[in-house]
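Below, each value reflects all heavy atoms present in this structure, side chains not excepted, and no hydrogens, waters or symmetry copies.
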Amino acid sequence: MRTVTAEDLLRMRFVTDVSLSPDGQRVCFVLTVIERDEAQDELVYRSHLWLVPTDGGPPQQFTWGAHRDRSPRWSPDGRWIAFLSDRSGDVQLWVIPAGGGEARPLTRLPGGAAEPCWAPDGGRLVFVSRVGPDPLDAEPDRDKAKRKRQNRVRVITRLRYKLDGEGLWDGKWKQLFVVDLAGGAPKALTDEPCDHTAPVWSPDGRWIAYVANPRPDADWTNVQDIWVLPAEGGPARCLTRSVGPCASPAWSPDGRQVAYLGHDNAYGTATLTRVWVVSAEGGDPRALTAGWDRSAGNHVLDDLRAHVPAGGLFWTADGGRVLFVGGEGGATAVYAADLEGVVQRLTDGDRVVYNLSVDRAGQRAALGVTTPTLPGDVFLVELADGRAVGERRLTEVNADLLREVTLAEPERAEFRAPDGWTVEGWLLRPPHLSPGQRCPAVLQIHGGPHAAYGWAFFHEFQLLAACGFAVLYTNPRGSQGYGQAFCAATRNDWGGADYRDLMAAVDQALERWPWLDRDRLGVAGGSYGGYMTNWIVTQTDRFRAAVTMRSIANCYSQWGTSDLAYLKGFWEFPGDPWESPSFYLERSPLHHVERVRTPVLILHSEQDLRCPISEAEQWYTALRKRGVETVFVRFPNESHDLSRSGQPEHRLERLRWIVRWFERWLLARGEAAAQLQTAAEAAEA
């Protein structure tokens, strides 16, 4: 069997949006593939709906065409599937009979459609669309396009005027609309100058809960509240306390309570996400998971999916418990919290559950699951006696590819930090490493910092292992999955104890696995991991090569040019730059650039608004002026999520640059050719 190549990315099939039918008999999911568009002569993504029966049978493709379908939502009676699609040009709301037939559009709005949710009677849907005062909307399309080309002047009056992946704010707000299944013009329910998201109907169909912050200071905070308004329109009322972010509202079966995800900002953006409930009439919210020192949601990163919603919250049929995805170390699973605050783990295994969907009776749950050797598939579990039992795998979407390749299996380890804290990590050994052979190693550092690596498939890591590099990846302090104190431990200390955690892991890995070559070490990371990569090469020369991606070089400049970094002074850093200028300066890799001797490859997206490309430009200029071996690779028309959702050609090019850089600096002369020969011989065998 052969080893993994960069080009295998083009053959991978990505499972997302797992949705279980109300009767628990079928699962609808989205399968995304990479295809060549012959007309444009470029690689593009195509996404379609697929159906698979839960009691046996192969999955069947349900929608077709040169477009992207996503977000399937079953009608309460299971007869229809609503979904979002760009088949008409922009993303609109469509509906298709669940038994098969032609899809038809329910919306044709200039602002598109998002986040659809069925009314309990199955006759209407609520959804989100962008609306705003744009005088060009009234012009014919031809004249409108011409005017937009001629007038590109933007007048900025709000603080949060850009968002990575979306671009500069266009003056439009996300508003709630209702549309009848039978057709007709959608009806607007909201018009306040703020975004309204995550709408969901009450069981009796009289109310709609949603998330918003209409306060004038909304841009200065991360606060979002749960609101409810009459389903026919009218004044809304706030259910929560305006102290932190709220998300994913879910009504109890009797309509008397609303569960939601959120936190109270006690530790700023490092605060653990809890499952809360609040009375639908208002009152003090209660955190059901307050006694569980872990966070709700999927915190584990991979490079096949970008920001996939874990599925939200699901009440059991008796209203006694709330089901959700939560994390423990490098794994995520399905958990249940009862109204007394008792949290129980329902599923087990060294893996990551990234999607959850539960049937109407609360008897079955469909899961999207990934492991280090499984890119992602649909699984089904029975919910009985408070546990998940009878698990079955329903799909094998990458079976053909996985039969061809040898994958590296991770070996888990625990490392001891200098102050005694425990750091979890994993090592991938190259699949065809010969006994006694010394092996170069690459330390990978995750972003966030409040995210984590874990038991998920990482194509980039498998590729490096296939090319002859051991891959060490860890969760230093600041990572999710290890409790509130661990997650919040990077406060006012980026480049401090987190750096010492990483170096301790490297030292102990070299002792644990003596076949690792301590003289041929590389380091790589993206976002916060890119910051740490930059920081590391200013603190030590032990690494012979570094790859820094979507990184931060200057904390002072990133604060004001990023879409969200201006919130760092709220808690993560000791105030804003003018309040703590010495901290921003001292903790900037740029301030210590004269110490760098390590060859550095810089990979950065030109439309990255989270870590703007000016960070890479400053770092590159400083390194070149200091005479450091440096290459700067810029990716046009890409955002911060290049590695997960960028254009296929650019994702391939990124992977090739990473491999070439480490082969140049870490492999001995002729060793790269030997690696290829070994892989070829293994493939023939």
Side-chain angles (χ1 to χ4, degrees), residues 17 19-30 47-51 61-65 67-131 137 172 174-191 196-210 228-234 236 249-251 253 255 312 357 359-360:
D17 293 320
S19 181
L20 184 58
S21 63
D23 62 6
Q25 296 302 303
R26 291 186 291 175
V27 178
C28 185
F29 63 95
V30 173
S47 301
H48 301 105
L49 307 186
W50 285 63
L51 291 174
Q61 186 168 347
F62 191 59
T63 62
W64 307 77
H67 49 256
R68 301 194 68 177
D69 300 333
R70 58 183 176 87
S71 302
R73 301 291 184 266
W74 293 87
S75 63
D77 60 8
R79 296 176 56 199
W80 300 90
I81 298 176
F83 64 101
L84 302 176
S85 179
D86 63 0
R87 58 183 63 197
S88 61
D90 49 7
V91 178
Q92 300 290 345
L93 178 59
W94 293 69
V95 68
I96 187 171
E102 291 295 323
R104 59 183 173 88
L106 292 182
T107 65
R108 294 183 177 87
L109 295 172
E115 302 186 81
C117 179
W118 287 91
D121 63 6
R124 295 174 294 169
L125 295 101
V126 63
F127 65 95
V128 172
S129 184
R130 297 175 63 88
V131 178
D137 284 344
K172 298 181 179 182
K174 297 176 182 177
Q175 304 290 354
L176 302 186
F177 288 77
V178 169
V179 65
D180 289 336
L181 175 62
K187 173 187 175 183
L189 296 181
T190 60
D191 61 3
H196 304 68
T197 61
V200 59
W201 299 77
S202 63
D204 61 8
R206 296 176 55 203
W207 302 91
I208 293 174
Y210 64 94
V228 295
L229 85 166
E232 302 303 323
W251 293 84
S357 180
D359 69 357
R360 180 174 50 235

**Q.** Non-hydrogen side-chain atoms of Cys28 and Trp50 separated by less than 4.5 Å
**A.** no

Q) Between Asp204 and Trp251, is a side chain to side chain contact (heavy atoms under 4.5 Å, CB included) present by the stated rule, with each step listed? A) CA-CA 10 Å; Asp204 61 8; Trp251 293 84; over 6 Å; no

Q: Identify the heavy atoms of Gln175 and Thr190 that sit nearest to each other, and give their distance.
A: OE1-OG1, 2.6 Å

**Q.** Pair listing, salt bridge (Lys or Arg N to Asp or Glu O under 4.0 Å) test, anchored in residues 87-96, at least two apart
**A.** Asp69-Arg87

Q. Parallel, tilted or perpendicular: which describes the rings of Phe127 and Phe177, with under 30° parallel and over 60° perpendicular?
A. parallel

Q: Not counting sequence neighbours, which residues clear side-chain hydrogen bond (donor to acceptor under 3.5 Å, both in side chains) with Glu232? List them please.
A: Arg124

(Q) Looking at every heavy atom in both Ile96 and Gly101, which two are closest together, and how far apart are they? (A) CD1-O, 3.4 Å

Q | Least distance between heavy atoms, Pro22 atom then Trp74 atom | A | CD-CB, 3.6 Å

Q) Are any of the side-chain heavy atoms of Ser71 and Phe83 separated by less than 4.5 Å? A) no

Q | Of all pairs that satisfy side chain to side chain donor-acceptor pair (under 3.5 Å), the ones with a partner from residues 100-118, not counting sequence neighbours | A | Gln92-Thr107

Q) What are the two closest heavy atoms between Leu229 and Tyr210, and how far apart are they? A) CD2-CE2, 3.5 Å

Q) side-chain hydrogen bond (donor to acceptor under 3.5 Å, both in side chains) with Asp23: which residues, sequence neighbours excluded? A) Ser21

Q: For the residue pair Pro199 and Val128, establish whether any side-chain heavy-atom pair is separated by less than 4.5 Å.
A: yes

Q: Take Val95 and Leu125 through the test side chain to side chain contact (heavy atoms under 4.5 Å, CB included) and record every step on the way to the result.
A: CA-CA 10 Å; Val95 68; Leu125 295 101; 5.9 Å; no

Q.
Going by side-chain hydrogen bond (donor to acceptor under 3.5 Å, both in side chains), name the residues that satisfy it together with Ser19, two or more places apart in sequence or in a different chain.
A. none

**Q.** Any residue meeting salt bridge (Lys or Arg N to Asp or Glu O under 4.0 Å) with Arg70, in chain and number order, not counting sequence neighbours
**A.** none

Q: Of all the heavy-atom pairs spanning Pro120 and Trp201, show the shortest one and how long it is.
A: CD-CB, 3.7 Å

Q) For Leu49 and Val30, what are the C-alpha separation, side-chain angles and deciding distance, and is it a side chain to side chain contact (heavy atoms under 4.5 Å, CB included)? A) CA-CA 5 Å; Leu49 307 186; Val30 173; 3.8 Å; yes

Q. What is the minimum heavy-atom distance between Leu93 and Val179, and which atoms define it?
A. CD2-CG1, 4.1 Å

